[in-house]
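The residues of the chain are indexed from 1 along the displayed sequence.
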Amino acid sequence: MGVTRRIIFPTVRIVLWAVIAVALVKLAFAGSEVTTTSDALEPSGQITEQYVEVGTGTITNSVTVQGAVVADPATTVKATMAGTVTKLLATNGQAVAADTPVLEVTLETPVEPTTTTNAETGEQTVKQNKPKVKRETVRAGTAGTLTLTALKDQVVAVGDAIGSVSPGTLSVSGTLTPEQQYRLLGAPAEAQVTLKGGPAPFTCTGLRLGAAAQAPATAPDATTVADPGTPAEPVSGTVTCAVPAGVTAFAGLGADIAITNGTAENAVVVPVSSVQGSVQKGNVWVEVPGGEPEMRAVGLGLTDGETVQVTEGLAEGDKVLQFIPIGDVSGPVDCGDPMQFDPAVCGG
């Protein structure tokens with residue numbers, strides 16, 4: 001037993017470690033063998049074009065714009081005549097109406113002296129004439145709170161600002177992307193507004209669309225790092241409407257502006273992904289049994305962002321490609337042309 005422990009077991013362990021070491025060396029330098037077959041791999045999948053059937057339904061063109069409550073800008077009161085301010089007819093901070101007198105401007109024009117000659121003596125007499133005086137009353141022009149900046153005896157020219165009138169009213173304003181601006185062509189004069197943390201939704205009147213303000217060109221800042229993330233959506237327009245009297249709101253509150261621009265019942269509709277273009281005119285690719293899909297021009301109506309109304313060119317039951325074959329479209333899409341604007345291509 002003592003011989004087994006002292007001689008046989010240590011010898012077996014040494015042999016085992018030697019076998020393991022040889023195997024590791026072989027794996028490290030020889031690697032494993034890869035068995036290959038002579039059969040070449042060939043693709044077996046097929047690309048099938050997906051069609052959707054043209055159906056009918058009710059479609060509502062409703063656009064919701066993120067906005068905020070803003071104070072309506074003050075209106076500048078300007079001098080309507082050159083001269084000297086001789087009277088202040090209103091005070092700073094006064095509530096004024098549109099026809100409230102604000103100040104008086106006086107213009108004195110010198111008149112040449114009159115010279116007369118005595119017929120008998122030939123003596124001449126010079127008479128100094130009074131200057132010609134013209135007075136003009138400048139009025140507020142709009143109702144609100146007056147901020148008066150002109151001083152008495154101040155000399156002003158035509159068009160000089162002599163103060164401003166703040167209306168004290170509020171509006172809700174938001175920005176529009178090109179896609180939203182197209183969908184709001186011919187928009188109504190009102191919208192439904194929901195204030196963040198405010199009262200119940202209310203009707204905002206005097207809805208108007210405008211062009212977006214142009215950002216001033218600035219030189220790149222060396223300390224500013226460009227955001228590598230998703231680029232911001234382009235802004236091409238603004239929407240504004242008046243907060244009615246009686247609604248409690250504050251400048252800076254966030255708001256959702258919901259604008260419904262038409263509803264059509266029993267309309268022929270297809271997915272927007274099936275149509276090249278989104279306003280007035282578009283193209284779809286119609287199924288041709290046993291052949292390639294055929295491009296067809298169609299008239300477009302309302303859209304809800306997912307489906308679009310087809311006013312002409314298709315009938316219920318027709319089948320069109322679910323996605324337009326962008327690679328097969330002849331010629332580039334002009335994203336500045338509303339007839340060709342396509343969100344899938346133009347990024348709107």
| From CG (Leu195) to CZ (Phe202), nearest 0.5 Å | 4.5 Å
| pair Ile324-Trp285: side-chain heavy atoms closer than 4.5 Å | yes
| query | Between the side chains of Gln276 and Asn283, does any donor sit under 3.5 Å from an acceptor? | reply | yes
| Leu300 reachable from Leu184 in the ILVMFWY side-chain graph, under 4.5 Å edges | no
| field | Atom pair OG1 (Thr238) and CD (Gln181), whose distance is rounded to the nearest 0.5 Å | value | 8.0 Å
| said: In the structure I gave you, are the side-chain heavy atoms of Ile162 and Val138 within less than 4.5 Å of one another anywhere? | reply: yes
| Are Val288 and Val284 connected in the hydrophobic side-chain network, where two residues link if heavy atoms are under 4.5 Å apart? | no
| Within the distance-only criterion (no hydrogens, no angle test), does the side chain of Arg296 pair as donor or acceptor with the backbone N or O of Leu314 below 3.5 angstrom? | no
| request: Return yes if a side-chain donor-acceptor contact under 3.5 Å exists between Thr203 and Gln192, otherwise no. | output: yes
| request: Start with the C-alpha gap between Val102 and Val96, add the side-chain angles, then the distance that decides, and say whether side chain to side chain contact (heavy atoms under 4.5 Å, CB included) holds. | output: CA-CA 9 Å; Val102 175; Val96 296; 5.6 Å; no
| Euclidean distance, Leu170 CG relative to Thr248 OG1, rounded to 0.5 Å | 10.0 Å
| Heavy-atom donor-acceptor pair, Ser274 side chain to Leu321 backbone, under 3.5 Å | yes
| note | The reported gap from CD in Gln309 to CG in Leu302 (rounded to nearest 0.5 angstrom) is 5.0 Å
| query | Is the backbone N or O of Gly299 less than 3.5 Å from a side-chain atom of Thr311, with the two atoms forming a donor-acceptor pair by type? | reply | yes
| message | Less than 4.5 Å apart, side chain to side chain, heavy atoms only: is that true for Leu103 and Leu148? | response | yes
| query | Do the side chains of Ser273 and Gln322 get nearer than 4.5 Å, heavy atoms only? | reply | yes
| field | Close side-chain approach of Thr109 to Val111, heavy-atom, < 4.5 Å | value | no
| field | Chi angles and distances behind the side chain to side chain contact (heavy atoms under 4.5 Å, CB included) call for Leu207, Glu190 | value | CA-CA 5 Å; Leu207 184 76; Glu190 60 183 34; 5.6 Å; no
| Arg183 side chain to Val279 backbone, donor-acceptor under 3.5 Å | no
| Value rounded to 0.5 Å, distance of CG in Leu176 from CG in Leu209 | 6.0 Å
| said: Please tell me whether Val275 and Val320 are part of a single hydrophobic cluster in this structure, the criterion being side-chain heavy atoms less than 4.5 Å apart. | reply: yes
| task | For Asp304 and Thr60, indicate whether the former's side chain and the latter's backbone hold a donor-acceptor pair under 3.5 Å. | result | no
| Nearest 0.5 Å, what's the CG-CG distance between Asn261 and Leu185? | 8.0 Å
| Where do Asp72 and Thr169 land on the side-chain hydrogen bond (donor to acceptor under 3.5 Å, both in side chains) test, with the steps shown first? | CA-CA 6 Å; Asp72 291 331; Thr169 55; 2.4 Å; yes
| So do Val85 and Leu151 actually touch side chain to side chain, heavy atoms under 4.5 Å? | no
| Single-linkage hydrophobic cluster, 4.5 Å side-chain cutoff, Ile257 and Val63 together | yes
| query | side chain to side chain contact (heavy atoms under 4.5 Å, CB included) between Lys281 and Glu312: does it pass, once the steps are laid out? | reply | CA-CA 10 Å; Lys281 299 289 184 180; Glu312 59 180 352; 3.2 Å; yes
| task | Evaluate the side-chain proximity of Arg139 to Thr100: yes if any heavy-atom separation is below 4.5 Å, no if none is. | result | no
| query | Around Asn118, counting heavy atoms of other residues, nucleotides and ligands shown, do more than 12 lie under 6.0 Å from its CG? | reply | yes
| query | Judged by atom type as modelled, is there a donor-acceptor pair below 3.5 Å linking the side chain of Ser166 to the main-chain atoms of Thr145? | reply | no
| message | Side chains of Lys196 and Leu253, heavy atoms from C-beta outward: is any pair under 4.5 Å? | response | no
| message | Has Thr56 got a side-chain atom pairing as donor or acceptor with Ala267's backbone, closer than 3.5 angstrom? | response | no
| When hydrophobic residues are tied together by side-chain contacts of less than 4.5 Å, even through go-betweens, does Val247 share a cluster with Val70? | no
